[in-house]
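Here is the structure we will look at, set down as structure tokens.
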2 protein chains.
Amino acid sequence: MTRDTKGEQEFLDAYKPKEYPAIAVTADLVVFAVGSGALYTALVRRGGHPFKGELALPGGFVGSRESAEQAAYRELAEETGLDLGHLPVHVEQLATYSHPERDPRMRVVSVAHLALLATDGHSLPELSAGTDAAAAEWHPVHRVLEEPMAFDHAAILRDGLDRLAGKMEYTTVAARMLPREFTMTQLRTVYEAVWNTTLAAGNFTRKMTPQLDDTGRKTQAAAGGAPASLFTASDRHIHPPLAKPRTG
Amino acid sequence: MTRDTKGEQEFLDAYKPKEYPAIAVTADLVVFAVGSGALYTALVRRGGHPFKGELALPGGFVGSRESAEQAAYRELAEETGLDLGHLPVHVEQLATYSHPERDPRMRVVSVAHLALLATDGHSLPELSAGTDAAAAEWHPVHRVLEEPMAFDHAAILRDGLDRLAGKMEYTTVAARMLPREFTMTQLRTVYEAVWNTTLAAGNFTRKMTPQLDDTGRKTQAAAGGAPASLFTASDRHIHPPLAKPRTG
DNA sequence: CTTCGTTATTATCAGTATGACAATTAAGAG
DNA sequence: CTCTTAATTGTCATACTGATAATAACGAAG
């Protein structure tokens with residue numbers, strides 16, 4: 001069946017958008033970065049009703065001429081002041097939240113995204129207030145998960161953490177939270193921060209070595225200890241997966 | 001920080017929905033079922049422009065007072081005539097497609113869902129035309145994937161298949177495409193249909209047995225061959241995962 | 001320049017999982 | 001009873017895992 005281009009063009013010229021429910025679409029962000037051995041997320045504190053004073057995910061309306069992912073990048077820059085042209089950032093779609101009463105003001109469907117920022121594992125990227133009033137601040141994920149949040153954002157944050165934790169079992173996505181070249185210990189620190197656990201260094205190296213590309217170079221040994229090899233990540237799948245230890 | 005209920009109520013009473021982009025939200029469905037050893041999907045053929053005559057996913061607008069998932073269930077019933085009260089069906093969200101030009105008529109954001117129907121592995125559920133003109137028909141997935149489809153529906157179908165194939169590695173979701181009680185061979189047939197490959201029966205049984213609950217009962221041996229044990233599935237995760245054989 | 005503390009990497013080993021394939025068991029059909 | 005078919009169990013070499021130890025490569029302190 002070949003497309004009927006002429007009939008289709010006539011149809012489109014005559015087409016008038018009509019009765020469909022008026023729904024606003026937003027792009028919200030679960031932003032993760034690793035600092036001082038712990039996983040942090042960028043949250044804003046709401047300055048107005050509803051949920052005044054509570055923590056919320058950064059995000060905003062999807063514009064008429066942009067995709068949800070484009071809106072996510074734009075809002076990430078606007079609400080955190082991050083220079084995305086400079087900073088490597090990984091953004092992927094998480095899920096869409098569409099319960100009719102999730103926003104008491106009006107019908108809002110939110111396309112949530114997962115954003116991973118690259119750090120050296122020690123210091124977090126500086127966040128600055130954007131055009132909107134509320135500035136984003138870093139919060140330790142495993143602590144803030146126990147507090148209430150605005151709207152259904154606590155559930156979204158939990159889903160984002162679960163997604164990242166799961167995906168790290170069978171991909172090298174954890175490397176997106178590090179500089180392009182990193183050491184095995186830096187990568188292990190990301191796993192430990194996200195999984196909130198500790199991993200045996202030797203076994204971790206044995207498992208990850210064949211999944212990474214060895215640059216052949218080594219770090220300048222910082223203070224005590226041998227110099228570490230520098231690796232880069234590719235998009236290989238980890239097989240069999242690196243299992244997250246059962247919680248306990 | 002406790003919620004300021006009084007101030008919030010006043011705010012909500014005064015709130016008027018205002019300038020946000022007008023975007024229509026739809027729920028589309030990738031419906032899978034296994035029949036005669038192959039994976040099938042329910043598709044409608046478009047009767048009007050645009051993409052007149054091409055295959056499309058069933059779906060429709062999300063109503064003002066329903067979630068995207070509720071809309072998916074409703075559209076599944078409407079466009080396929082399936083009695084969901086009777087037929088066990090698994091629905092989960094797949095992803096949201098929001099490219100600004102994905103529908104030439106107007107701005108439409110689609111929340112795609114994955115729906116798995118239970119069959120005996122041989123015959124497919126009967127589809128009947130719903131209120132809409134176009135009736136859904138079953139199409140073999142691995143063949144229809146090579147044909148063009150309306151809108152971005154070919155990409156959505158591909159994503160749905162990838163999601164199902166991947167999830168079957170580490171969950172027992174394949175059992176959602178079978179009756180509550182099923183044999184090991186029936187389950188293996190689902191894996192083979194989705195993965196489009198063959199699996200060694202003995203190794204499959206060894207791997208899956210500890211993931212399932214044995215009812216202790218057996219089938220009446222149909223024609224030749226020993227009777228098979230009947231199992232039910234729980235929500236255990238398969239660990240380590242059952243790896244899909246590398247294609248070839 | 002030797003020793004010590006620290007960290008990265010490699011090695012060992014027992015237990016478990018895998019893929020390929022063979023053997024056994026349990027029907028129904030002729 | 002024997003043949004055919006299908007389900008299940010067994011075998012075996014290889015690979016992977018968790019725990020733990022041994023080795024190697026530094027900087028710093030004496």
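In what follows, chains carry the letters A, B, and so on, assigned in the order in which the sequence lines appear, proteins first and then strands, with residues in each chain numbered from 1.
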| request: Give the nucleotide from the list dT9(C), dA8(C), dA20(C) with an atom nearest to the side chain of Arg206(B). | output: dA20(C)
| field | Separation of dT17(D) P from Phe204(A) CZ (nearest whole Å) | value | 13 Å
| task | Side-chain contact test, heavy atoms from C-beta onward, threshold under 4.5 Å: evaluate it for Val89(B) versus Tyr73(B) and give yes or no. | result | yes
| task | May I have the distance from Gln220(A) (atom CD) to dG27(D) (atom P), rounded to whole angstrom? | result | 9 Å
| field | Heavy-atom check, side chain of Val109(A) versus side chain of Val109(B), under 4.5 Å | value | no
| Whole-Å distance separating the CE atom of Met208(B) from the C1' atom of dT8(D) | 16 Å
| Which is true for Thr183(B) with a 4.0 Å heavy-atom rule: it touches a base, it touches only sugar-phosphate, or it touches nothing? | nothing
| said: Would you say that Pro58(A) contacts Val31(A) through its side chain, given a criterion of any heavy-atom pair below 4.5 Å between the two side chains? | reply: yes
| Start at the 5' end of DNA chain D and walk down; is the nucleotide closest to Pro240(A) or to Gly225(B) reached first? | Gly225(B)
| message | What contact category does Ala228(A) fall into here, base, sugar-phosphate, or nothing, at under 4.0 angstrom with non-hydrogen atoms? | response | sugar-phosphate
| request: Using whole Å, report how far CZ of Phe231(A) lies from P of dA8(C). | output: 11 Å
| message | Once you apply a heavy-atom cut-off of 4.0 Å, does Thr185(B) come out as touching a base, just sugar-phosphate, or nothing? | response | sugar-phosphate
| query | Is there a side-chain contact between Arg102(B) and His153(B), using heavy atoms and a 4.5 Å cut-off? | reply | yes
| task | Give the nucleotide from the list dA11(C), dT10(C), dA8(C) with an atom nearest to the side chain of Asn203(A). | result | dA11(C)
| query | Side chains of Leu55(A) and Arg45(A): closer than 4.5 Å at any heavy-atom pair? | reply | yes
| Are OP1 or OP2 of dT17(D) and a side-chain N or O of Lys207(A) less than 4.0 angstrom apart? | yes
| query | Should Ser229(A) be listed as having a side-chain N or O under 4.0 Å from OP1 or OP2 of dT9(C)? | reply | yes
| query | Starting at NZ of Lys218(B) and ending at P of dA27(C), how long is that distance when rounded to a whole Å? | reply | 8 Å
| Whole angstrom value for the distance that separates C1' of dT10(C) from CG of Asp214(A) | 14 Å
| message | Let me spell it out: for each of Ala243(B) and Gly224(B), pick the nucleotide of DNA chain C with the closest heavy atom. Which residue's pick is nearer the 5' end? | response | Ala243(B)
| request: Could you state the atom-to-atom distance from CG of Leu199(A) to P of dT7(C) in whole Å? | output: 17 Å
| What is the distance from CD of Glu169(B) to P of dT18(C), rounded to the nearest Å? | 12 Å
| request: Could you check which of dA17(C), dT8(D), dA26(C) has an atom nearest any side-chain atom of Ala226(B)? | output: dA26(C)
